[in-house]
Amino acid sequence: MNRLVVVSNRTADPRKSAAGGLAVAVGQALRASGGLWFGWSGKVVDGRSPGEGELRLQQAGNVQLATVDLSREDYNSYYLGYSNDVLWPVFHYRLDLAHFDADYISGYRRVNQLFAQRLAGLLRPDDIIWVHDYHLIPLAAELRAMGCRQRMGFFLHIPLPPPLLLAAVPEHEWLMRSLFAYDLVGLQSNTDLGHFSGYIGAELPADILGEHMFRAFGKTLQVQAMPIGIDVDEFTALGRSREAQDTYAQMRQEYSRRRLLLGVERMDYSKGLPLRLQAFRQLLQNYPENLGSATLIQIASPSRESVDAYASLRRELESLSGAINGDFGGLDWMPVRYIHRNVSRRRLPGLYRAASVALVTPLRDGMNLVAKEFVAAQDPDDPGVLVLSRFAGAAEQLRDALLVNPYDTRHTAEAIQRALQMPLAERQQRHQALLHNVRTQDVHWWCRRFLDTLAATPLG
Ligand code: ADQ
């Protein structure tokens with residue numbers, strides 16, 4: 001069997017419970033087959049020259065972890081700069097937040113070259129290489145330039161924007177050319193696939209050979225929509241853990257006379273938090289029967305705090321939640337509990353299960369695994385209701401959620417009210433359909449689908 005080599009910005013020990021979606025999914029794939037996982041160590045070294053970084057190898061069960069530290073300058077330009085201050089905002093349709101700085105792109109190329117150099121020495125001729133996410137778009141092109149001929153696939157975890165938005169990135173053609181160095185590109189949704197095809201048709205001298213096959217720059221590339229899923233069994237088992245059970249019991253007791261609404265994410269402007277708080281405010285204003293009862297627990301864990309846009313988002317959220325509590329709260333009830341801290345992953349299933357409604361209302365999201373985790377954590381006999389943004393990739397699959405346009409706060413408030421009042425039979429019926437989808441297209445399905453397609457992709 002060919003060895004699986006996974007490359008992502010960060011790595012994790014696949015034997016331990018990981019915090020985020022990508023780490024859980026990739027860890028699961030590697031644990032099953034064994035292999036090599038390559039990425040940045042997470043360490044930033046002051047005083048080191050840009051483009052340099054020693055390789056560190058470590059064995060974690062059947063997976064070899066290979067990591068490289070970054071110099072301060074590379075971290076600033078590759079990670080904070082081009083990845084999170086250019087690609088992240090533009091790919092989430094936020095051109096207004098992007099900073100096109102010439103130093104960023106050179107750092108991005110330099111780190112991809114560094115990774116390629118360090119990785120090339122570890123590769124075997126029949127390895128299958130699976131590269132993840134927007135930090136590493138040019139990695140295959142760099143490896144190819146060093147003579148690597150292995151099968152290489154790329155999965156984009158974030159959305160691919162419409163052609164004209166992508167064309168606003170000064171290096172858009174180079175980014176696309178870089179993608180054609182892979183044999184397979186996986187995207188989260190059919191919308192993203194449509195954008196890819198639209199871009200190719202409008203911006204490149206290229207041939208569209210079929211719905212999934214494209215030829216440009218002398219290379220044929222297969223592109224498929226393959227929505228990422230969760231590990232339902234792992235998440236259910238997590239729900240049986242002591243911490244999850246205690247959290248559930250504590251929440252049920254504390255909110256026995258109230259209705260609990262829940263939002264959980266990394267603090268990020270793509271997640272639509274200010275508009276969500278405004279919709280919640282309108283719920284309290286327009287449907288006063290919720291006063292003294294509806295309580296929103298909003299967990300927004302710290303993320304990328306040294307990027308400017310995140311600091312101002314934090315201030316905005318503090319001010320909005322403070323204003324709602326000041327205007328509506330009383331001695332025995334505060335409508336918003338805003339938590340800007342990390343919450344242990346083990347507590348999440350208990351929190352999800354105790355909530356009557358989950359608010360998953362991003363302005364744009366590649367997929368959104370919180371929506372799927374919420375569904376998996378529910379009691380099928382008495383399930384909570386998922387209010388989901390139509391702009392999350394997950395909305396293509398989770399049609400039985402209450403789908404909302406998060407920019408329309410009045411309508412979102414209406415949907416929340418509907419969720420709070422939904423009869424048991426309808427809640428059960430919707431949950432059953434959602435769970436079926438979350439189970440069928442789970443993370444194992446996603447991994448198999450990507451790797452089987454990559455293995456069968458004609459090289460060219
Ligand atoms: P993210 O933007 O990080 O991921 P998401 O898909 O929701 O978003 O995954 C987050 C994961 O981290 C979930 O497993 C969740 O339980 C956990 N998590 C989130 N907030 C947390 C908190 N406050 N405390 C503890 N755990 C928390 C990117 C893309 C998504 C895409 C995933 C996977 O932006 O669109 O779904 O990758 O491809």
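Any value given below was found using the heavy atoms of this structure, including those in side chains, with hydrogens, waters and symmetry copies removed. In listed order, ligands and their atoms are each counted from 1.
Looking at Arg347 and Gln250, their side chains come closer than 4.5 Å, going by heavy atoms from C-beta outward. Side-chain atoms of Asp183 and Leu221, non-hydrogen and from C-beta on, never get closer than 4.5 Å to each other. Using a 4.5 Å heavy-atom threshold, the side chains of Leu143 and Leu119 count as touching.
Counting non-hydrogen atoms of neighbouring residues, nucleotides and ligands closer than 6.0 angstrom, the CD atom of Gln432 reaches no more than 12 such neighbours.
Within the 3.5 Å criterion, the main-chain N or O of Glu234 finds a donor-acceptor partner in the side chain of Asp231. Checked by atom type and distance alone, the side chain of Gln298 never pairs as donor or acceptor with a backbone atom of Arg337 at under 3.5 Å. For the pair Thr440 (side chain) and Val438 (backbone), a donor-acceptor distance under 3.5 Å is absent. Using a distance-only test at 3.5 Å, with no hydrogens or angles considered, a donor-acceptor pair links the side chain of Arg151 to the main chain of Leu454.
Set against the non-hydrogen atoms of Met367, the atoms of ligand 1 under 4.0 Å away are 30 (C), 31 (C), 35 (O), 36 (O). Those atoms of ligand 1 with a heavy atom of Gly366 less than 4.0 angstrom away are 35 (O). Less than 4.0 angstrom separates some heavy atom of Val370 from each of these atoms of ligand 1: 7 (O), 15 (C). For ligand 1, the atoms sitting less than 4.0 Å from at least one non-hydrogen atom of Lys271 are 1 (P), 2 (O), 8 (O), numbered in the order shown with element in parentheses. For ligand 1, the atoms lying closer than 4.0 Å to a non-hydrogen atom of Gln188 are 31 (C), 38 (O). Distances below 4.0 Å separate heavy atoms of Arg345 from the following atoms of ligand 1: 14 (O), 16 (O). For ligand 1, the atoms lying closer than 4.0 Å to a non-hydrogen atom of Trp88 are 34 (O). Listed by number with element, the atoms of ligand 1 under 4.0 Å from a non-hydrogen atom of Ile299 are 23 (N).
Using a 4.0 Å cut-off between heavy atoms, Glu265 contacts ligand 1 through its backbone alone, with no side-chain atom that close. Contacts with ligand 1 closer than 4.0 Å are made by no heavy atom of Phe91, backbone or side chain. Contacts with ligand 1 closer than 4.0 Å are made by no heavy atom of Ile230, backbone or side chain.
Taking only nitrogen or oxygen atoms, main chain and side chain alike, Arg341 does not reach within less than 3.5 Å of ligand 1. For Leu369, a nitrogen or oxygen atom sits less than 3.5 Å from a nitrogen or oxygen atom of ligand 1, counting backbone and side chain alike. Residue contacts with ligand 1: Asn342 is placed with no nitrogen or oxygen under 3.5 Å of a nitrogen or oxygen of the ligand (distance criterion only).
Nearest-residue assignment for atom 27 (C) of ligand 1 (options Val343, Leu348, Asp268, Val443; heavy-atom criterion): Leu348.
Between Tyr75 and Tyr79, the ring planes are parallel. Angles under 30° get that label, and only those over 60° would be called perpendicular.
The minimum heavy-atom distance between Tyr134 and Tyr108, with the atom names listed, is O-OH, 2.6 Å.
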